[in-house]
Trainee: 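Dropping a structure here in structure tokens format, bear with me for questions.
Values reported hereafter were calculated over all heavy atoms of this structure, with side chains retained and with hydrogens, waters and symmetry mates removed.
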Amino acid sequence: MRPCSVRRFWVHPILRKRLQRGEYHLLVQELRLDDRLFQRYFRMSKEVFDELLGKVGPLITKVDTHLRMSIGPAERLAICLRYLATGDSYATIAFSYRVGRSTVAVIVKEVAGAIWTALVEECMPVPQVEDWRAIAAGFQERWEFPNCVGAIDGKHVVIQAPANAGSLYFNYKSTHSLVLLAVVDAEYLFRVVDVGGFGRSSDSGSLRNFAFGESLRDGSLQLPPDTVIAGSERRGPLPHVFVGDEAFPLLDNLLRPFPGRHLTRERRLFNYRLSRARLVVECAFGILSTQWRMLRRVITTSPEVTELCVKAACVLHNFLRRKTIDMPSRTPIARSTDEVTPTLCDAPRMGSNNATRRSIQQRETFCSYFNEEGAVRWQANVV
């Protein structure tokens with residue numbers, strides 16, 4: 001018989017020196033003396049780190065026992081942020097911070113969940129009618145696209161194949177992935193994120209499998225009522241719409257480009273104007289993956305932990321970006337008096353393209369608007 005293995009150490013002698021030689025207690029404290037290097041290490045300034053710690057700290061603080069001292073909330077937050085910022089393996093971070101690998105795994109899972117819990121209501125609240133109106137005003141001002149309440153897109157977050165998962169996570173690029181569906185406003189802020197779709201499901205119309213897709217189809221998103229576009233009263237009220245690429249279906253509140261290559265000039269101009277507004281979601285994904293490099297690697301954690309980490313990265317993106325654009329969580333605007341929104345790779349088709357007559361007619365109306373009273377002086381030189 002094989003003899004039972006005997007545990008050699010309760011705590012390894014190297015790990016016992018964490019308070020003297022661990023990365024948090026040496027390097028991180030030195031980085032606090034250099035703002036630029038601290039920013040590069042944690043992807044945020046030390047002032048923002050301390051503010052985040054104040055919000056997350058109560059949720060991740062552990063109690064000391066008579067057997068050992070707990071790891072403090074600041075160090076736990078540092079370990080999680082370092083994982084999100086680099087995507088390094090648990091073993092690499094464990095050696096650097098002089099903690100156990102299993103300890104890093106527990107910390108990343110708990111802290112990522114705590115970051116989402118602590119920040120989601122402040123930085124990514126569920127949009128209400130006035131929020132959708134504010135988003136539409138932003139698209140009108142910055143991108144000359146009226147009645148737009150958000151740009152929508154899906155991305156594959158590449159993961160290591162989970163055990164016994166078969167082909168559930170196997171996608172069209174021959175990798176395994178989770179699908180991240182996001183709606184972004186004109187300021188590159190995530191307003192809605194939905195994570196966890198199987199990598200293979202996007203080819204067969206997975207939009208309706210997301211909670212957002214169901215709400216979009218049943219009309220429970222609390223979008224503003226149809227509104228007359230200023231200067232285009234003759235066209236009547238038009239709906240508030242999301243803009244997506246050709247992977248999405250054409251719906252009453254979701255616009256996609258005209259398909260095909262041999263299009264009229266008017267339709268090509270519409271496609272250009274739609275793509276120009278939709279570009280914000282591509283830019284947001286680029287900013288997200290550049291800041292949190294975990295998304296540029298093959299993530300080796302379980303799908304459950306990967307989902308927590310992706311959601312934490314998205315809400316941290318909003319938390320940091322609001323510091324740079326200096327805007328509140330909700331944008332108050334006056335109520336309208338006339339009732340007149342690379343491991344990150346594109347997700348393919350997100351739904352059936354069987355559009356209703358009303359959806360087709362609405363797209364034609366937007367097309368006419370962009371070619372007539374809604375035209376901008378430089379669009380003729382682009383198409």
Trainee: Taking R76 for its side chain and V111 for its backbone only, find out whether a donor-acceptor pair lies under 3.5 Å.
Mentor: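 Not at all, since once roles are kept as given, no pair shorter than 3.5 Å links the two residues.
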Trainee: Would you give the length of the straight line joining atom CG of L255 to atom SG of C367, rounded to the nearest 0.5 angstrom?
Mentor: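 Taking CG in L255 and SG in C367, the distance rounds to 11.0 Å.
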Trainee: Would you confirm whether R273, through its side chain, and G374, through its main-chain N or O, come within 3.5 Å as a donor-acceptor pair?
Mentor: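 Yes.
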Trainee: Between N271 and R268, is there a donor-acceptor pair closer than 3.5 Å when you use the side chain of the first and the backbone of the second?
Mentor: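 Pair absent, no side-chain N/O of N271 close to backbone of R268.
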Trainee: Counting N and O atoms only, with roles assigned by atom type, does the side chain of N318 sit under 3.5 Å from a partner on the main chain of F190, one being a donor and the other an acceptor?
Mentor: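 Answer holds: yes.
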Trainee: Would you sort out whether T86 and R297 count as a side chain to side chain donor-acceptor pair (under 3.5 Å), showing the intermediate values?
Mentor: CA-CA 9 Å; T86 64; R297 295 194 175 193; over 6 Å; no
Trainee: Give a yes or no on whether the ring-centroid distance for F270 and Y369 is below 6.0 angstrom.
Mentor: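 Not close enough - the centres of the two rings lie 6.0 Å or further apart.
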Trainee: Got a donor-acceptor contact below 3.5 angstrom from the R265 side chain to the A380 backbone?
Mentor: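 Yes: the side chain of R265 pairs with the backbone of A380.
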Trainee: Heavy atoms, side chains only, cut-off 4.5 Å: are L223 and V129 in contact?
Mentor: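 No. Closest side-chain heavy atoms not under 4.5 Å.
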Trainee: Are the side chain of N147 and the backbone of L238 linked by a donor-acceptor contact shorter than 3.5 Å?
Mentor: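 Checked: pair present.
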Trainee: With a 3.5 Å cut-off and no angle check, do the side chains of T92 and S89 form a donor-acceptor pair?
Mentor: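 Yes, a side-chain donor-acceptor pair sits under 3.5 Å.
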Trainee: Rounded to the nearest 0.5 Å, what separation is found between the NZ atom of K55 and the OG1 atom of T117?
Mentor: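 OG1 of T117 is found 14.0 Å from NZ of K55.
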Trainee: Is it the case that the side chain of Q291 and the backbone of A85 share a donor-acceptor pair, with hydrogens and angles ignored and the cut-off at 3.5 Å?
Mentor: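 Here the side-chain-to-backbone pair does not exist.
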Trainee: Are more than 12 heavy atoms, taken from residues, nucleotides or ligands other than R40, located less than 6.0 Å from that residue's CZ atom?
Mentor: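 12 or below, so no.
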Trainee: Assess whether salt bridge (Lys or Arg N to Asp or Glu O under 4.0 Å) is satisfied between E282 and K155, documenting all intermediate values.
Mentor: CA-CA 10 Å; E282 298 285 359; K155 292 293 182 181; 3.1 Å; yes
Trainee: Would you say L288 and L308 are hydrophobically clustered, going by side-chain heavy atoms of ILVMFWY under 4.5 Å?
Mentor: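 Per the 4.5 Å side-chain linkage, L288 and L308 are not co-clustered.
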Trainee: With a 4.5 Å cut-off on side-chain heavy-atom distances among I, L, V, M, F, W and Y, is there a chain of contacts connecting L180 to L279?
Mentor: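 L180 does not cluster with L279.
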Trainee: So, T356 side chain and S359 main chain: donor-acceptor pair closer than 3.5 Å or not?
Mentor: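 Looks like yes, one N/O pair under 3.5 Å.
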Trainee: Does the pair R32/D50 count as a salt bridge with the N-to-O cut at 4.0 Å?
Mentor: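 Salt bridge between R32 and D50, a charged N being under 4.0 Å from a carboxylate O: yes.
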Trainee: With ring-ring contact (aromatic ring centres under 6.0 Å, His included) as the criterion, how do F242 and F139 come out once you've worked through the C-alpha distance, each side chain's angles and the decisive distance to 0.1 Å?
Mentor: CA-CA 11 Å; F242 298 93; F139 272 97; 9.5 Å; no
Trainee: Enter the distance from T264:OG1 to E266:CD here, rounded to the nearest 0.5 Å.
Mentor: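 T264 atom OG1 to E266 atom CD measures 4.5 Å (nearest 0.5 Å).
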Trainee: Do NZ/NE/NH1/NH2 and the carboxylate oxygens of R235 and E373 come within less than 4.0 Å?
Mentor: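 The answer is yes: the pair qualifies as a salt bridge.
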Trainee: Centroid separation under 6.0 Å, is that true for the rings of F370 and F145?
Mentor: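 Aromatic pair counts; centres sit under 6.0 Å.
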Trainee: For Y90 and T301, run side chain to side chain contact (heavy atoms under 4.5 Å, CB included): C-alpha distance rounded to whole Å, both residues' side-chain angles, the deciding distance at 0.1 Å, then the answer.
Mentor: CA-CA 9 Å; Y90 285 169; T301 61; 3.0 Å; yes
Trainee: Between S45 and Q39, do the side chains contain an N or O donor and an N or O acceptor separated by less than 3.5 Å?
Mentor: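 Their side chains do not contain a donor-acceptor pair, so the 3.5 Å distance test is not met.
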Trainee: Are D252 and R358 ion-paired here, with the side-chain N under 4.0 Å from a carboxylate O?
Mentor: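 So D252 pairs with R358 through a salt bridge.
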Trainee: I want to check something: taking the side chain as every heavy atom from C-beta on, are Y83 and V104 in contact at a cut-off of under 4.5 Å?
Mentor: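 A side-chain contact is absent here, since even the closest heavy-atom pair is not under 4.5 Å.
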Trainee: Mind checking whether L181 and V193 sit in one hydrophobic cluster, side chains of I, L, V, M, F, W, Y counted as touching below 4.5 Å?
Mentor: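 Yes, L181 and V193 fall within the same hydrophobic cluster.
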Trainee: Please walk me through it: do F366 and L274 pass side chain to side chain contact (heavy atoms under 4.5 Å, CB included)?
Mentor: CA-CA 10 Å; F366 274 101; L274 183 143; over 6 Å; no
Trainee: Measure the CZ-OG1 distance between F170 and T175 for me, rounded to the nearest 0.5 Å.
Mentor: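 Interatomic distance, F170 CZ to T175 OG1, rounded to 0.5 Å: 7.5 Å.
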Trainee: Take atom CD in Q29; do more than 12 heavy atoms of anything else shown fall under 6.0 Å from it?
Mentor: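 Yes, the 6.0 Å shell around CD holds more than 12 heavy atoms from other groups.
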Trainee: Less than 4.0 angstrom from a charged side-chain N to a carboxylate O is my criterion; do K46 and E51 meet it?
Mentor: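 Salt bridge between K46 and E51, a charged N being under 4.0 Å from a carboxylate O: no.
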Trainee: What I'd like to find out is whether the side chain of R217 reaches to under 4.5 Å of the side chain of L251, using heavy atoms alone.
Mentor: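 Yes; the side chains approach each other to less than 4.5 Å.
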Trainee: Is it possible for you to say whether L168 and I159 belong to one hydrophobic cluster, with membership spreading through side-chain heavy-atom contacts below 4.5 Å?
Mentor: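 Yes: a chain of side-chain contacts under 4.5 Å links L168 to I159.
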Trainee: Answer with yes or no whether the hydrophobic clustering places F42 together with L320; edges join I, L, V, M, F, W, Y residues whose side-chain heavy atoms lie under 4.5 Å apart.
Mentor: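 They do share one cluster, since a chain of ILVMFWY contacts under 4.5 Å joins F42 to L320.
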Trainee: How long is the straight-line distance from CD1 of I115 back to CG of L59, given to the nearest 0.5 Å?
Mentor: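 That separation rounds to 10.5 Å.
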Trainee: With a 4.5 Å limit on heavy-atom distance, are the side chains of F248 and D153 in contact?
Mentor: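 Yes, their side chains come closer than 4.5 Å.
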Trainee: Without swapping roles, check the side chain of T324 against the backbone of R321 for a donor-acceptor pair under 3.5 Å.
Mentor: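 Confirmed, T324 side chain pairs with R321 backbone.
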Trainee: Can you check side chain to side chain contact (heavy atoms under 4.5 Å, CB included) on C309 and L84, steps first, answer last?
Mentor: CA-CA 7 Å; C309 290; L84 298 179; 3.8 Å; yes
Trainee: Quick one, R18 with E23, criterion salt bridge (Lys or Arg N to Asp or Glu O under 4.0 Å). Give me CA distance, side-chain angles, the key distance, then yes/no.
Mentor: CA-CA 8 Å; R18 175 175 59 85; E23 189 161 312; over 6 Å; no
Trainee: Would you say the ring centroid of Y169 lies under 6.0 angstrom from that of F198?
Mentor: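 Distance test on ring centres: under 6.0 Å, yes.
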Trainee: Could you walk me through whether F210 and V195 pass the side chain to side chain contact (heavy atoms under 4.5 Å, CB included) test, one step at a time?
Mentor: CA-CA 8 Å; F210 288 99; V195 192; over 6 Å; no
Trainee: Ring-plane angle category for Y172 and H156, please: parallel below 30°, perpendicular beyond 60°, tilted otherwise.
Mentor: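 Plane angle between 30° and 60°, so tilted.
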Trainee: Ignoring hydrogens and geometry, is there a side-chain-to-backbone donor-acceptor pair from H240 to P225 under 3.5 Å?
Mentor: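 Looks like yes, one N/O pair under 3.5 Å.
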Trainee: Within 45 degrees of the axis of the six-membered ring of F258 and under 6.0 Å from its centre: does R267 put its NZ or CZ there?
Mentor: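 Pair R267/F258 counts as cation-pi.
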Trainee: Give a yes or no on this: more than 12 heavy atoms of other residues, nucleotides or ligands lie within 6.0 Å of atom CZ of F212.
Mentor: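 Enclosed.
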Trainee: Are R98 and E75 close enough for a salt bridge, meaning some N to O gap below 4.0 Å?
Mentor: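 A salt bridge is absent here (no side-chain N lies under 4.0 Å from a carboxylate O).
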Trainee: Can you confirm whether more than 12 heavy atoms, excluding those of L27, are under 6.0 Å from its CG atom?
Mentor: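 Above 12, so yes.
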Trainee: Could you check if a side-chain atom of L316 sits within less than 4.5 angstrom of a side-chain atom of W292, using non-hydrogen atoms only?
Mentor: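 In short, these two side chains touch, coming nearer than 4.5 Å.
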Trainee: Side chains of V305 and I299: closer than 4.5 Å at any heavy-atom pair?
Mentor: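 No, too far: nothing below the 4.5 Å cut-off.
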Trainee: Could you measure the distance from the OG atom of S96 to the CG atom of D88? Nearest 0.5 Å is fine.
Mentor: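 One finds 7.5 Å between OG of S96 and CG of D88.
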Trainee: Please examine the side chains of H317 and I287, heavy atoms only from C-beta on, and report whether any two atoms are closer than 4.5 Å.
Mentor: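 With C-beta onward as the side chain, the pair touches.
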Trainee: Between Q379 and R276, is there a side-chain heavy-atom distance shorter than 4.5 Å?
Mentor: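 A side-chain contact under 4.5 Å is absent here.
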